[in-house]
Amino acid sequence: MSGFRSHMDRALEEARAAASRGEVPVGAVVVGPDGRVVAAAGNRTRELSDPTAHAEVLALRAACAAAGSERLPGHDLYVTLEPCPMCAGAISFARIARVYYGAEDPKSGGVAHGARVFSHSQCHHAPEVYDGIGAAEAARLLKGFFEGRRDG
């Protein structure tokens, strides 16, 4: 990948903003084929009282609205945490080209753990997946958030 530029810093900004709203600190960024950020979001499940308002889903919705299409071929998704099975399904349906994620999620992940959505025979589109991008910072944010919840 010549000219690769990571957008994980922007996803981490979205995760920090989510934490400041009392949400689980996960952030996502959709990048178009031209390398520009077309959508960014953080978790808003509590704020919107919506269990589907994960960062990835919100970013995909915004990117699809901007594109005027339910599919985003050639687009990349950066997310601070391994996508859950619901988000992995949405990523597949949107035809995202590449997924870059930070921290792994052995408990609820759906890419490298659990359901492994992209390697399932019923998955119609599997993006390229790159893990561990910004993993230390993403894991630190999540750990700090949940420790704060337990202590309070």
Side-chain angles (χ1 to χ4, degrees), residues 1-16 18-19 23-46 48 50-146:
M1 266 195 251
S2 64
F4 173 75
R5 176 175 176 247
S6 176
H7 292 271
M8 191 58 78
D9 285 345
R10 176 70 188 276
L12 286 164
E13 286 176 26
E14 293 292 335
R16 288 185 202 99
E23 302 278 356
V24 175
V26 177
V29 174
V30 177
V31 177
D34 61 0
R36 290 184 314 165
V37 172
V38 296
N43 275 357
R44 292 186 181 274
T45 58
R46 292 184 173 112
L48 300 175
D50 180 354
T52 70
H54 288 195
E56 301 97 313
V57 170
L58 295 174
L60 288 172
R61 286 176 183 161
C64 286
S69 173
E70 77 281 13
R71 294 193 176 165
L72 299 167
H75 289 64
D76 296 341
L77 175 74
Y78 290 81
V79 61
T80 58
L81 182 65
E82 176 184 348
C84 72
M86 174 187 71
C87 291
I91 290 163
S92 176
F93 290 142
R95 303 299 196 260
I96 290 291
R98 286 167 293 278
V99 173
Y100 301 88
Y101 71 84
E104 64 177 11
D105 189 353
K107 182 180 171 193
S108 301
V111 176
H113 299 90
R116 295 187 171 112
V117 171
F118 301 141
S119 59
H120 197 280
S121 62
Q122 289 180 312
C123 182
H124 296 293
H125 170 79
E128 295 174 30
V129 176
Y130 303 90
D131 62 0
I133 314 290
E137 175 65 7
R140 188 189 66 70
L141 282 171
L142 287 157
K143 184 177 180 189
F145 176 82
F146 287 111

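Residue numbers run from 1 in the order of the sequence given. These figures come from a predicted structure and were not determined experimentally.
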To the nearest 0.5 Å, how far apart are CZ in Phe93 and NE2 in His125? 11.5 Å

Heavy atoms, side chains only, cut-off 4.5 Å: are Pro127 and Arg98 in contact? no

Where do Gly32 and Val38 come nearest, in terms of heavy atoms and distance? N-CG1, 4.1 Å

Any side-chain donor near an acceptor of the partner, Thr52 and Arg61, under 3.5 Å: yes

Side chain proximity check, His75 to Val31, heavy atoms < 4.5 angstrom: no

Which heavy-atom pair separates Ala39 from Ala59 by the least distance, and what is that distance? CB-O, 3.4 Å

In the structure I gave you, are the side-chain heavy atoms of Val99 and Tyr78 within less than 4.5 Å of one another anywhere? no

So, Asn43 and Thr45: side-chain donor and acceptor under 3.5 Å apart, yes or no? no

For the residue pair Cys84 and Asp105, establish whether any side-chain heavy-atom pair is separated by less than 4.5 Å. no

So CG of Leu77 and NE2 of His7: to nearest 0.5 Å the spacing works out to 11.5 Å

In chain order, what residues pass the salt bridge (charged side-chain N to carboxylate O under 4.0 Å, His left out) check against Glu70, with sequence neighbours excluded? none

Nearest non-hydrogen partners of Ala18 and Pro25, listed with the distance: CB-CA, 4.2 Å

Can you tell me how far apart NE2 (His120) and CD (Gln122) are? Round to the nearest 0.5 Å. 5.0 Å

Straight-line distance of Cys87 SG to Leu60 CG, nearest 0.5 Å: 8.0 Å

Is there a side-chain contact between Glu14 and Thr80 in this structure, where contact means two heavy atoms from C-beta onward sitting under 4.5 Å apart? no

Are the side chains of Val37 and Arg10 in touch, meaning some heavy atoms are under 4.5 Å apart? yes

Salt bridge or not for Glu13 and Arg16, using N-O below 4.0 Å? no

What pair of heavy atoms forms the shortest contact from Ala115 to Pro85, and how long is it? CB-CG, 4.0 Å

Taking the side chain as every heavy atom from C-beta outward, state whether Arg116 and Val111 have any pair of such atoms under 4.5 Å apart. no

Among residues at least two apart in sequence or on other chains, which ones pass salt bridge (charged side-chain N to carboxylate O under 4.0 Å, His left out) with Glu82? none

Do Tyr100 and Val79 come close enough that some side-chain heavy atom pair is under 4.5 Å? no

Considering all heavy atoms of both residues, which atom of Pro33 and which atom of Pro73 are nearest to each other, and what is their separation? CG-O, 4.0 Å

Go through the steps for Leu142 and Leu81 under the test side-chain contact (heavy atoms from CB on, under 4.5 Å), then give the verdict. CA-CA 9 Å; Leu142 287 157; Leu81 182 65; 3.7 Å; yes

Which atom pair, heavy atoms only, marks the closest approach of Val29 to Ala40? CG2-CB, 4.1 Å

With rounding to the nearest 0.5 Å, note down the distance linking CZ in Phe145 to CD in Glu23. 7.5 Å

